[in-house]
Amino acid sequence: MRMTYTSDLWWKNAVVYCLDVETFKDGNGDGIGDFRGLTQEIDYLAGLGITCLWLMPFYPTPNKDDGYDVTDFYSVDPRLGTLGDFVEFMRTAHDRGLRVIADLVVNHTSDQHPWFVESRSGRDSPRRDWYVWSDTPEPNPKEVVFPDKEDSVWEHDPHTGQYYLHTFYRHQPDLNVANPEVRDEIARVLGFWMELGLSGFRVDAVPFLIENVSPELADPHDFLAELRAFMTRRKGGSVLLGEVNLEYDQLLEYFGDGLGDQLTMCFDFVAMQRAWLSLARRDAGPLASALRERPEPPKDCQWAMFLRNHDELTLDKLTEDERQEIFAAFGPDKDMQIFGRGLRRRLPPMFGGDERRIKMAYSLLFSLPGTPVLFYGEEIGLGEDLSAEGRMAVRTPMRWSAEGGFTQAERPVRAMPDGPNVADHRRDNDSLLRWIQLLIERYRESLELAWGDHTVLDAGDPAVLAHRCDADGATIVAVHNLDDRECEAELDLTGLERCVLTDLLVDGTVKVPGSGRVRLPLDPYGCRWLRVSAPEVSPEDASVKAQ
Ligand code: BGC
């Protein structure tokens, strides 16, 4: 049976694609990506099949943290275009059926934001209380996030003699969300961009954002509930996708416990990190255990799944030994590691460019329970630039053609090392781009994957992750071989005896024997998505029924 879900919960089976306007496509030839360039490539994105764009910060910024240091929440960085260009881009995206969300970075501002300039101008400044000031550097209750650059989260301000809190870099003072004026202003920012067509936000650094609310609100989570209620009033169906890198037992609170009235989706950092451990060990165990331990989000909420993003591949939820295993497998050089907890690498070079393994990893991503999120360039296997500073290694410009195709200018905003490009991938039917397109198409057709109940199955071989997704009597079984040897999965599909399994990625069918135990051969790094259909009724069975 094919399901026909029509719902405002569009994000349940969305395919999210994260990009930075600055590095995607230059439309005016100055070497910097911009909204005009991005607008020219909307058809490419729509053709890929993605359904929702996540724009990294595009607001005015001194750019000391790649735009995560904002000086004006109500405008577009002039290097990237104008508000007019933004609106044209939104119109085109909507015309092609794409939704757009954007980074909401309101844990902090740039220290050059006029609010902070005013706040630090004197202890009696009307905006003094918009930031978090203290007479002493409080005993440091939390670790610094960027240990390569900071050793405290408090910075002394010689002008007023007090210290201000900065969870991240010292040039990013934390906003004081305990101040109701600040919370109102944040809601105004949301309202502004929603009015210009955004369908929601990727909320930066959520746990840090809400920890500053206390003691103003009885429960810091009320702040998230306030924001979500505000958005729902303004525009039903808008989403908050949260960056909440916490263990599962703390995560549910961010959805609003049983209520589901806070974040709509949370990135699953735990399953992501265990997936990398599984990939390194060629053993499905760690990922399978994460999926089994993972709590169900409240109804109408969902996990967001990813393998890589614009930051370091953080491995902070693993033990030191586990982290070292992943470093040894995928980033053995010190230069590839960062902050003592992660890798500043993109996925394809981590797999030494092995296309079978890369394709299997993305098949896994799309088949796992949770909305898949891609980072731009993943669809062509864009590599990294280890000569770039820190996390910038994975933020190189998109490559459109053999010559680069990102800009007409001689010097692009960032170096563009040689590498794969869109034009070549489009010409080759076996390319990674075509594979990702196929996965997206099948994922969008297979609502069981997004809406169904998920069960991890025993696969009979440690290298194989097998799981099934069931919704309204429809079932898909997915199997992935994490190792480079042929193997055979043996699955117990009791209840599906004599059903037919149709392979959705290559031609072929398998019949489930009367015992319910099915054997599935898998190539090295092989992957299969199998749709279950009811057994064909034999003429004998039919005549028995007719009597
Ligand atoms: C973003 C980073 C950024 C930091 C500070 C993070 O969570 O993903 O890229 O540096 O927030 O805004």
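For reference, positions follow the sequence shown, starting with 1. Just so it is clear, the model here is predicted, and its values are computed rather than measured. Whatever order the structure lists ligands and atoms in, that order sets their numbers, starting from 1.
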List every atom of ligand 1 that sits less than 4.0 Å from any heavy atom of [X], numbering the atoms from 1 in the order shown and giving each element.
X: H108; value: 5 (C), 12 (O)
X: R202; value: 8 (O)
X: F146; value: 10 (O)
X: E243; value: 6 (C), 7 (O), 8 (O)
X: R391; value: 2 (C), 3 (C), 9 (O), 10 (O)

D66 and R395 ion-paired at < 4.0 Å |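 Yes, charged N to carboxylate O under 4.0 Å.
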Would K64 and D69 pass as an ion pair if we require N to O under 4.0 Å?
->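 No salt bridge links K64 with D69.
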Is it the case that more than 12 heavy atoms not belonging to E247 sit under 6.0 Å from its CD atom?
->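 Counting other residues, nucleotides and ligands, CD of E247 exceeds 12 neighbours.
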Which is it for R395 and ligand 1 at heavy atoms under 4.0 Å: side chain, backbone, both or neither?
->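 Just the side chain.
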Nearest-contact summary for [atom] - protein heavy atom, Å:
atom: atom 5 (C) of ligand 1; answer: D65 OD2, 3.4 Å
atom: atom 9 (O) of ligand 1; answer: D311 OD1, 2.7 Å
atom: atom 1 (C) of ligand 1; answer: D204 OD1, 3.1 Å

Taking R202 for its side chain and D103 for its backbone only, find out whether a donor-acceptor pair lies under 3.5 Å.
->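 No: the side chain of R202 does not pair with the backbone of D103.
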Under 3.5 Å, is there a donor-acceptor pair between the side chain of N212 and the main chain of V177?
->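 No, the answer is negative, given that no donor and acceptor are paired below the 3.5 Å cut-off.
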Quick one: sort the H221 and Y254 rings into parallel, tilted or perpendicular, breaks at 30° and 60°.
-> perpendicular
Under 3.5 Å side-chain donor-acceptor pair for D77 and T61 =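 No - no donor-acceptor pair under 3.5 Å links their side chains.
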